[in-house]
Every structure is written in structure tokens, then in C-alpha cells.
Peer 1: 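Before I ask anything, let me first share the structure, which is written out below as C-alpha cells.
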Amino acid sequence: MPPRVRFAPSPTGFLHVGGARTALFNWLFAKHHGGTFVLRIEDTDVERSSDDMVAGILEGLRWLGLQWDEGPEVGGPHGAYFQSQRLDRYRAAAAALVAGGHAYSCYCSLERLREERDTAEARGEAWQYDRACLRLPPERIAALEATGAPRAIRFKVPETTTAFADAVHGRIAFDTRTIEDFVVLRSDGHPTYHLSVVVDDIDMQITHVIRGDDHISNTPKHVMLFEAMAAPVPVFAHVPLILGADKKRLSKRHGATSVTEYRRQGYLPDAMVNFLALLGWSPGDDREVMSLDDLTAAFSLEGISGGNAVFNTEKLDWMNGQYIAKLPVDRLAAAVVPLMTDAGVPVPAASEWVHSLLELLRPRARRLVDFVELARPYLVDTVDYQPEAVEKHLGIPNLGDHLAALAMALRTTDPFDEPHVEAAVRGTAADRAIKAGVLIHAVRVAATGRTTSPGLFEVLALLGRDRTVQRIEELVNFLATRTAQSFS
RNA sequence: GUCCCGUUGGUGUAGCUGGCCCAACACGUCGCCCUUUCAAGGCGAAGAUCGCGGGUUCGAAUCCCGCACGGGACGCCA
């Protein structure tokens with residue numbers, strides 16, 4: 001039977017990288033085994049959930065290429081896929097638990113519970129629910145019910161040892177005495193997380209629950225619930241957490257954590273997926289740059305490692321560079337041109353020329369946004385000279401004359417391509433008995449205003465004769481006025 | 001405080017059915033090559049007493065025990 005897995009985000013925040021990786025592992029597992037990937041929105045916390053967050057999560061998943069087989073917008077035979085639309089199911093399940101003797105009503109006030117916890121915490125201890133309401137005599141319960149007192153439903157935790165076989169950690173056992181009678185249905189009729197997940201996982205026939213390590217201690221509760229509902233317990237696989245550089249759980253403090261943010265910064269979805277897949281998982285061999293198809297073919301739960309992983313941005317950048325290097329140029333242009341336009345850098349319509357430019361810059365970019373600054377000198381009309389470039393390369397005696405001579409030579413360079421431009425530059429340098437490098441550096445400043453650029457002859461060929469000559473002459477003028485000023 | 005998970009170079013991992021491991025791959029770092037600069041690419045180097053301490057064994061990163069440290073969970077949040 002093909003497996004059914006699910007990703008069940010709570011729309012109380014953005015899709016962060018940890019959630020994205022959990023989704024990815026689920027997706028890969030499903031695809032590897034020809035199974036089904038279900039997306040379920042856990043929005044039982046009405047206060048904190050929002051439609052915008054749902055939209056953002058869906059968008060993030062699609063951007064990564066993780067389309068779901070069942071869930072929001074695509075439907076499926078096991079819906080609804082929003083927990084807020086399944087409230088009846090949870091209430092029925094809670095009633096069934098009570099009827100079966102697995103759960104009971106609790107009339108304790110929130111104030112009392114909080115006080116108990118606070119005093120316990122003051123002693124440095126944890127408080128467990130004292131089962132006060134489990135011992136209530138029937139007539140007392142009847143009286144409370146008659147007055148319409150608010151009541152929650154608590155699961156009656158049996159005294160045993162619950163154990164489950166975790167696909168990444170092996171057997172994990174809990175003494176249930178350390179687990180209190182947890183609430184499954186709040187007094188407002190809304191289910192808690194524990195009830196809704198289990199009910200949904202049963203209804204949606206989930207066979208494998210792949211989720212974060214932070215759920216390990218919830219799992220015995222879920223196992224007990226599955227058993228109380230006489231449902232088969234799915235296989236659990238708890239994947240390690242993603243940590244920041246300080247080994248603390250990844251959070252806002254660490255900078256970008258949402259996939260939307262990485263998208264905005266110019267990371268490619270394939271690179272993101274590849275990088276995330278390698279955080280806590282390995283194919284078992286030395287492969288690292290892997291497509292979604294490669295990952296799907298290689299994926300297995302056994303390859304997931306047990307320890308938490310630090311999110312290493314440097315490696316992500318490297319990975320992104322690998323994918324930028326391989327991106328077909330038309331797709332690269334489609335991704336990058338809008339960024340340039342947004343930044344106020346005009347891009348000509350001539351796509352051949354733009355493609356050549358991008359090819360020149362490609363090995364120098366790690367993120368798509370890098371292209372904007374990299375490309376700026378080739379797209380704007382006037383070149384701004386960086387002070388350090390001026391200082392470093394323009395202090396040559398008679399430089400203006402040398403440049404004027406070069407401009408003259410370039411005027412008749414034909415064709416104006418890389419080898420001919422190179423010949424003209426080197427020829428001029430030889431004629432004037434200066435090192436080619438000196439002239440090259442100065443011309444780079446003329447053409448780009450910077451100390452660094454792609455190979456100068458490629459740059460000039462790309463700029464074309466007119467703009468090249470014009471920029472060299474502009475630098476000649478700049479030098480002349482500067483000299484005049486220094487004498488005044 | 002209690003329970004649970006984890007611990008291989010700065011980072012991510014491989015190795016973990018014990019010997020082929022004086023530990024491998026990738027990122028990062030450093031150097032060299034290429035070269036007009038910056039990248040990219042190629043080549044090379046440094047960097048881990050495999051958390052610590054005991055044990056088992058002819059032999060342990062690999063098996064057992066203890067400890068330390070890190071992380072997570074202990075809600076009518078998910």
C-alpha cells in the first residue's frame with residue numbers, strides 16, 4: 001500500500017526553513033514510494049491564524065516545487081483540509097472518548113490551574129494535573145452540568161509505558177506517569193492540537209508522520225489517542241531541528257528564517273531545496289548537488305541523521321552559485337531583469353546583449369540580487385568613479401595622453417570584438433612604452449568606475465565601440481579637470 | 001525540577017552489522033596555478049586525541065555502563 005504523508009503547518013506565521021524542510025522530507029518520501037502528499041492547515045487557534053499566512057505558506061511550498069496531492073485548492077477525498085472546518089469531527093471524537101471511558105470532563109478553572117503551575121514553578125518543579133475532576137462524585141457533576149459550567153475534556157492517561165518505533169531514532173519509550181491528563185477539547189468546544197492531529201491523521205489515513213524533533217514528547221500522547229480510538233498507529237519519523245550559528249533554535253534573531261525572505265534575496269528554489277535536503281539528511285554517498293528528481297530517487301528515512309543541524313548560510317550561497325551557473329540564460333534573464341528594473345537600473349530590450357552581459361556576470365553572482373549591482377555600470381549612462389579606483393589606478397603620469405591614444409586606436413578597431421580590442425589595447429601600451437596592465441586598469445575605471453570587473457576586453461566588446469570610446473574620453477576629461485584643479 | 005533526543009575538524013555529513021579509519025566528502029579558511037582585476041575553474045594545505053571517563057575485545061568512531069554538555073518537551077499554543 002503506498003504511503004500517505006502530510007505536512008500540517010499552523011498558519012500563525014510564515015513558512016520558515018524548518019517547516020519547509022519538514023515539508024520537503026514528506027514530499028520526497030511520498031514521491032519516492034509513489035505515495036500521497038497531503039497538505040493540511042492546522043488553524044484551530046482562530047486567534048492567531050490568518051488567511052494571509054495560509055496564502056503565504058501555499059505560495060512558499062509551490063515556489064519550492066512541493067505541490068501537494070490533497071489539500072487546500074486541490075481538494076481530495078479526505079477533506080476538509082482545514083481543521084477549522086472539521087470541528088464537528090473533533091467534538092464527536094471527544095464524545096466517543098468519554099463514552100469509551102478514555103476521557104472525562106474537567107470543570108477546573110483556568111485560574112486554579114495557573115496558580116498550581118505557578119507555585120510549582122516557584123519551587124522549580126513542574127505541576128501535573130491532579131485529576132481533581134476525575135474523582136468528582138456523579139451528583140456533583142450533575143449539578144455542575146445543570147448550571148452550565150464550562151468544562152473541558154481531558155484524556156485519562158493510562159498507567160503504562162508507551163513506546164513507539166521511530167524511523168530515525170529507533171525505539172523511544174515513555175513512562176506515562178510523567179504525562180498528565182491532557183486536555184483534548186477546550187471549554188469553548190475547540191480541540192487541542194493533540195486531538196485534532198490524531199483525528200485527522202486517522203481520517204486522512206496517514207501512514208507515516210514525518211515531523212520535527214520538537215514533537216517527540218507529544219508522540220506518546222498521540223500514540224495513546226490512536227490506541228484509544230482503535231486506529232492503527234502510523235510510523236513516526238522525527239527529524240532533527242535546524243539551529244542558528246549559535247546552536248540555538250533558529251529564530252528571527254538569526255536573520256532570515258522564512259522561505260519568502262530567501263526568495264526575495266535571490267535564492268533559487270532548486271538550490272534552497274537541495275541545501276535543505278542536505279541539512280539532516282544524506283544520500284549515503286558523496287553526492288551533494290542534486291535535483292529534486294535525484295533527491296526523490298535517493299530519499300529514505302534511514303538517511304536522516306539524529307543530531308540537530310546548524311543552518312550554514314555560506315554553504316547555501318555556494319549551492320545557489322552552483323544553480324545560477326547552470327540556469328539557462330533566458331530563465332536567468334527572466335528572473336533578474338525585473339530585479340534590475342525595480343532597482344531603477346534600466347535594461348535594454350535587446351535580449352542577445354542582455355544575455356551576453358549576464359553570462360559575463362554569472363560566475364560572480366551568488367544570489368540573483370547580486371546581478372543588480374554587478375550589472376549597473378553596463379546599463380547606466382554615466383559612470384561613477386569609485387574613490388578607491390581613482391586613487392589606485394589613475395595616478396599614472398601622462399595617463400590622459402595614453403588614454404586619448406587608445407581612444408583613437410579603438411575608433412578604427414574593426415571588428416570591435418574581444419581579440420581585436422585586446423590587440424588595440426596591448427598595441428597602444430607597447431607604442432607608448434607602458435605596461436599593458438597599467439592601461440588595462442585605467443580603462444577598467446573608465447568603463448566601469450571600479451577596480452574589479454569581468455575580463456576587460458570582454459567588457460569593452462560588450463559595451464561596443466561608441467560607448468567604450470565615449471567612456472575613455474570622459475575619463476580623459478575627468479583627468480584634465482582634476483589636474484587643472486590641483487594646479488589652481 | 002522531571003522526561004525525551006542528541007554529541008565525528010569552524011559548518012553540513014559519510015563511516016557506526018568492530019580490524020580496509022594514524023577517519024572520508026562538501027562548504028568555509030589558507031596557498032599555488034590561470035591572469036589585466038574580481039570571480040569561476042584546477043591543484044594543494046592546515047584543521048577532529050571521533051564530548052569525557054571507565055569497560056568488553058588481540059583490536060572500538062563503531063558494542064556496554066557512567067558522566068558532562070547541547071537541544072527539545074512539560075499549556076483549555078501548535
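Numbers restart at 1 for each chain; the letters A, B, ... are given by sequence-line order, proteins then strands. Only this structure's heavy atoms are used, side chains among them; waters, hydrogens and symmetry mates stay out.
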Peer 1: Contact class for A/A173 vs. all strands (heavy atom < 4.0 Å): base, sugar-phosphate, or nothing?
Peer 2: sugar-phosphate
Peer 1: In plain terms, say whether A/R114 and A/E111 are close enough for a salt bridge, that is, a side-chain N and a carboxylate O under 4.0 Å apart.
Peer 2: no
Peer 1: Establish, for the pair A/R211 and A/F236, whether the NZ or CZ atom is under 6.0 angstrom from the six-membered ring centre and no further than 45 degrees off its axis.
Peer 2: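 Verdict for A/F236: no cation-pi partner in A/R211.
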Peer 1: Measure CZ/A/F174 against C1'/B/A73 and give the value in whole Å, please.
Peer 2: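 Answer to the nearest Å: 8 Å.
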Peer 1: Which whole number of Å gives the distance between the P atom of B/U13 and that of B/U8?
Peer 2: 9 Å
Peer 1: Can you check the distance between B/A26 and B/G1, where both ends of the measurement are the P atom (answer in whole Å)?
Peer 2: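 That atom pair is separated by 44 Å.
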Peer 1: Check the pair A/R86 / A/D203 against salt bridge (charged side-chain N to carboxylate O under 4.0 Å, His left out), numbers first and verdict last.
Peer 2: CA-CA 11 Å; A/R86 306 171 56 79; A/D203 284 357; 2.8 Å; yes
Peer 1: With rounding to the closest Å, how many angstrom separate the C1' atoms on B/C50 and B/G44?
Peer 2: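 The answer is 25 Å between these two C1' atoms.
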Peer 1: At 4.0 Å (heavy atoms only), tell me whether A/G280 reaches a base, stays on the sugar-phosphate, or touches nothing.
Peer 2: sugar-phosphate
Peer 1: Find the distance A/L374:CG to B/A39:C1' and express it as a whole number of Å.
Peer 2: 9 Å
Peer 1: Can you give me the dot-bracket string for RNA chain B, 5' to 3', counting Watson-Crick and G-U wobble pairs with both distances under 3.5 Å, using [ ] for crossing pairs and | for partners on another strand?
Peer 2: ((((((((.[[[[.)...(....]]]].(((((.......))))).....[[[[[..)....]]]]])))))))....
Peer 1: When rounded to the nearest Å, what value does the distance between C1' atoms of B/G15 and B/C25 take?
Peer 2: 11 Å
Peer 1: Between A/H169 and B/G6, is there a contact of a side-chain N or O with OP1 or OP2 at under 4.0 Å?
Peer 2: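 Indeed, a polar side-chain atom of A/H169 lies that close.
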Peer 1: Could you work out which one of B/G28, B/G71, B/C3 sits closest to the side chain of A/E314?
Peer 2: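 Among the listed nucleotides, the one closest to the side chain of A/E314 is B/G28.
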Peer 1: Inspect the contact between A/R171 and A/D166 and indicate whether a charged nitrogen and a carboxylate oxygen are less than 4.0 angstrom apart.
Peer 2: no
Peer 1: Within the 4.0 Å limit for protein heavy atoms, which parts of nucleotides 61-66 of chain B are touched? Write it as a string from 5' to 3', B for base, S for sugar-phosphate only, - for none.
Peer 2: ------
Peer 1: Need one value for A/H238: base, sugar-phosphate or nothing, where a base atom within 4.0 Å counts as base even if backbone is also close, heavy atoms only.
Peer 2: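 Since no nucleic acid heavy atom lies under 4.0 Å of A/H238, the category is nothing.
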Peer 1: A/E288 has a side chain; which of B/G12, B/G41, B/U13 sits nearest to it?
Peer 2: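 The listed nucleotide nearest to A/E288's side chain is B/G12.
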Peer 1: Taking A/R177 first and then A/D175, would you say they form a salt bridge - that is, a charged N and a carboxylate O separated by under 4.0 Å?
Peer 2: yes
Peer 1: Please tell me if A/K247 has a side-chain N or O lying less than 4.0 Å from either OP1 or OP2 of B/U11.
Peer 2: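 Yes.
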Peer 1: Which sits closer to the 5' end of RNA chain B, A/D214 or A/R123, going by the nucleotide each is nearest to?
Peer 2: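 Nearest nucleotide further toward 5': that of A/R123.
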Peer 1: Examine B/A73: is either OP1 or OP2 under 4.0 Å from a nitrogen or oxygen in the side chain of A/R249? Give yes or no.
Peer 2: yes
Peer 1: Expressed as a whole number of angstroms, how long is the span from A/K435:NZ to B/U37:C1'?
Peer 2: 15 Å
Peer 1: With a non-hydrogen cut-off below 4.0 angstrom, is A/S453 in contact with a base, only sugar-phosphate, or nothing?
Peer 2: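 A/S453: base contact, heavy atoms under 4.0 Å.
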Peer 1: Please give, in whole Å, the distance from B/U13 P to A/I242 CD1?
Peer 2: 9 Å
Peer 1: What's the closest nucleotide to the A/R364 side chain, out of B/C38, B/A26, B/G71?
Peer 2: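 Out of B/C38, B/A26, B/G71, the nucleotide with an atom closest to A/R364's side chain is B/C38.
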Peer 1: Nearest to the side chain of A/D213, which nucleotide is it out of B/G70, B/C25, B/C5?
Peer 2: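 The nucleotide sitting nearest to the side chain is B/C5.
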Peer 1: In whole Å, measure the gap between the C1' atoms of B/G53 and B/A60 for me.
Peer 2: 15 Å
Peer 1: Considering only atom C1', compute the distance from B/C32 to B/C69 and round it to an integer number of Å.
Peer 2: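 Roughly 41 Å separates the two C1' atoms.
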Peer 1: I want to verify a distance call: between B/C76, B/G41, B/G71, whose nearest atom is closest to the A/Q322 side chain?
Peer 2: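 Per side-chain heavy atoms of A/Q322, the pick is B/G41.
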Peer 1: Please determine, for the side chain of A/L110, which listed nucleotide (B/C76, B/G71, B/C27) has the closest atom?
Peer 2: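 Closest nucleotide to the A/L110 side chain: B/C76.
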Peer 1: Among A/W318, A/Y267, A/F311, A/Y323, find the residue that satisfies the ring-ring contact (aromatic ring centres under 6.0 Å, His included) test when tested with A/F275.
Peer 2: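 Testing each of A/W318, A/Y267, A/F311, A/Y323 against A/F275, the sole residue satisfying ring-ring contact (aromatic ring centres under 6.0 Å, His included) is A/F311.
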Peer 1: State which of B/U36, B/C74, B/G12 makes the closest approach to the side chain of A/V310.
Peer 2: B/G12
Peer 1: Could you check whether A/L185 gets within reach of a base, just the sugar-phosphate, or nothing at all, counting any heavy atom under 4.0 Å?
Peer 2: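 Result for A/L185 = nothing.
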Peer 1: Inspect the contact between A/R131 and A/E180 and indicate whether a charged nitrogen and a carboxylate oxygen are less than 4.0 angstrom apart.
Peer 2: no
Peer 1: Mind calculating the distance between CZ (A/R362) and C1' (B/C38) to the nearest angstrom?
Peer 2: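 So the CZ-C1' distance, A/R362 to B/C38, works out to 18 Å.
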Peer 1: Do A/S187 side-chain and B/C76 base share a donor-acceptor contact under 3.5 Å?
Peer 2: yes
Peer 1: With respect to the side chain of A/R117, which nucleotide from B/C27, B/G71, B/C76 is positioned closest?
Peer 2: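 Minimum distance to the A/R117 side chain belongs to B/C76.
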Peer 1: Within 45° of the axis and under 6.0 Å from the centre of the six-membered ring of A/F182, does NZ or CZ of A/K221 qualify?
Peer 2: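 That pair qualifies as a cation-pi contact.
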Peer 1: What nucleotide, of B/C77, B/U37, B/G1, holds the atom closest to the side chain of A/E125?
Peer 2: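 In terms of side-chain proximity for A/E125, the closest of B/C77, B/U37, B/G1 is B/G1.
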Peer 1: Considering only NZ, NE, NH1 and NH2 on the basic side and carboxylate oxygens on the acidic side, decide whether A/R112 and A/E115 come within less than 4.0 Å.
Peer 2: no
Peer 1: At under 4.0 Å between heavy atoms, what does A/S10 touch on the DNA or RNA strands: base, sugar-phosphate, or nothing?
Peer 2: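 A/S10: backbone/sugar contact only, no base atoms under 4.0 Å.
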Peer 1: Just checking, any donor-acceptor pair under 3.5 angstrom between side chains of A/H215 and A/Y193?
Peer 2: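 Their side chains do contain a donor-acceptor pair, which is all the 3.5 Å distance test asks for.
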Peer 1: Whole angstrom is fine here: how far is it from CG in A/L276 over to P in B/A26?
Peer 2: 22 Å
Peer 1: Please tell me if A/K315 has a side-chain N or O lying less than 4.0 Å from either OP1 or OP2 of B/G28.
Peer 2: no
Peer 1: Please work out if A/S196 contacts a base, only the sugar-phosphate, or nothing of the nucleic acid, heavy-atom cut-off 4.0 Å.
Peer 2: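 Since no nucleic acid heavy atom lies under 4.0 Å of A/S196, the category is nothing.
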Peer 1: Can you tell me how far C1' in B/G42 sits from the matching atom in B/G59, rounded to whole Å?
Peer 2: 41 Å
Peer 1: Hey, are A/R117 and A/E121 close enough for a salt bridge, meaning a charged N less than 4.0 Å from a carboxylate O?
Peer 2: no
Peer 1: Please report the distance separating the C1' of B/G75 from the corresponding atom of B/U62, rounded so that it comes out in whole Å.
Peer 2: 42 Å
Peer 1: From the options A/D43, A/D200, A/D45, select the one residue that forms a side chain to side chain donor-acceptor pair (under 3.5 Å) with A/Q83.
Peer 2: A/D200
Peer 1: Would you tell me if any nitrogen or oxygen in the side chain of A/R154 comes within less than 4.0 Å of OP1 or OP2 on B/C76?
Peer 2: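 Yes.
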Peer 1: May I have the step-by-step check of side chain to side chain contact (heavy atoms under 4.5 Å, CB included) for A/L316 and A/N312, ending in yes or no?
Peer 2: CA-CA 7 Å; A/L316 206 211; A/N312 180 225; over 6 Å; no
Peer 1: Could you work out which one of B/C76, B/G71, B/U36 sits closest to the side chain of A/N308?
Peer 2: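 Shortest atom-to-atom distance from the side chain points to B/G71.
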Peer 1: Could you give me the CA-CA distance, side-chain angles and deciding distance for A/R287 and A/D294, then say whether salt bridge (charged side-chain N to carboxylate O under 4.0 Å, His left out) is met?
Peer 2: CA-CA 10 Å; A/R287 287 177 293 166; A/D294 294 336; 5.5 Å; no
Peer 1: Whole angstrom is fine here: how far is it from CD1 in A/I179 over to P in B/C74?
Peer 2: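 Answer to the nearest Å: 12 Å.
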Peer 1: Between A/A152 and A/G303, who's closer to the 5' end of RNA chain B by nearest nucleotide?
Peer 2: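 On the 5' side of the pair lies A/G303.
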Peer 1: Tell me: CZ of A/R171 to P of B/C5, nearest whole Å?
Peer 2: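 So the CZ-P distance, A/R171 to B/C5, works out to 10 Å.
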